[in-house]
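Report on the structure given below.
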Amino acid sequence: MKKAPLVSLLAALLPAVVSARLFDSPAQLGARLDQGLSDLGGSFPFDAVQRGHVRNLNVEAGFFEGRCLRISYRLDIQPTNDLCDLLLEKNRGESTWKKLDEDTWTREDGLAFAKRENGTLWIVATELAPDWDAFVNGRWSQALLKSAVGKL
């Protein structure tokens, strides 16, 4: 399939899911998912976890203090560069993404990082975890504690 038709197909199939983004509230995310929304309850460090999907793309979001600090987009196949670009574009906020390697990005404003791995694109707020390694190794608790203390 040529690149231009693939991008058009992705844009047509995924209008709602690309609107589900980091820093959404649970209500904002829920309104954007068109099928299968479920609240999985909280599990440390999250107050709530919501899961849903749009067509063949599964979305899962973790919330802390009413804000989405982790969102994952999962396909049955490895997400293509075009799909990752589309999802990152919708999660750039007022910033842009800097590609660190083939499967890792960081937002220029330092508020998030992204990693493509095993059929999933993860986008994680740096206040939850300072980097991918910290995220997968569960070192987000220190970052959240620091964030909470800073608000006192």
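Reckoned from all heavy atoms, side chains included, excluding hydrogens, waters and symmetry mates.
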d(Glu127 CD, Arg67 CZ) to nearest 0.5 Å is 4.0 Å
(request) Would you sort out whether Asn91 and Trp105 count as a side chain to side chain contact (heavy atoms under 4.5 Å, CB included), showing the intermediate values? (result) CA-CA 12 Å; Asn91 280 281; Trp105 300 262; over 6 Å; no
Sorted by chain and residue number, the side-chain hydrogen bond (donor to acceptor under 3.5 Å, both in side chains) partners of Asp131 (sequence neighbours excluded) come out as none
- Should Thr126 and Phe113 count as side-chain neighbours, where that means a heavy-atom distance under 4.5 Å? yes
By side-chain hydrogen bond (donor to acceptor under 3.5 Å, both in side chains), Glu117 pairs with (sequence neighbours left out) none
By side-chain contact (heavy atoms from CB on, under 4.5 Å), Arg107 pairs with (sequence neighbours left out) Phe23, Ser95, Trp97, Asp109, Leu111, Ala112
Residues Leu128 and Leu69: closest non-hydrogen pair is CD2-O, 3.6 Å
message: Test of understanding: clusters of I, L, V, M, F, W, Y form through side-chain heavy atoms closer than 4.5 Å, transitively. Do Val136 and Tyr73 belong to the same one?
response: yes
Residue set satisfying side-chain contact (heavy atoms from CB on, under 4.5 Å) with Ser72, at least two apart, ordered chain then number -> Glu60, Arg70, Thr120, Trp122
Shortest non-hydrogen pair, Leu87 vs Ile123, comes out as O-CD1, 4.4 Å
Shortest non-hydrogen pair, Val124 vs Ala129, comes out as CG1-CB, 4.5 Å
Hits for salt bridge (Lys or Arg N to Asp or Glu O under 4.0 Å) against Glu108, two or more places apart or cross-chain, chain-then-number order -> none
Residues at least two apart in sequence or cross-chain that pass side-chain hydrogen bond (donor to acceptor under 3.5 Å, both in side chains) with Arg116, listed by chain then number, are Asn81, Asp103
For Asn137, the side-chain contact (heavy atoms from CB on, under 4.5 Å) test, sequence neighbours excluded, returns Asp133, Arg139
When rounded to the nearest 0.5 Å, the distance separating CG of Asp85 from NZ of Lys99 is 7.0 Å
Between Ala114 and Leu121, the two heavy atoms sitting closest are CB-CD1, 4.4 Å
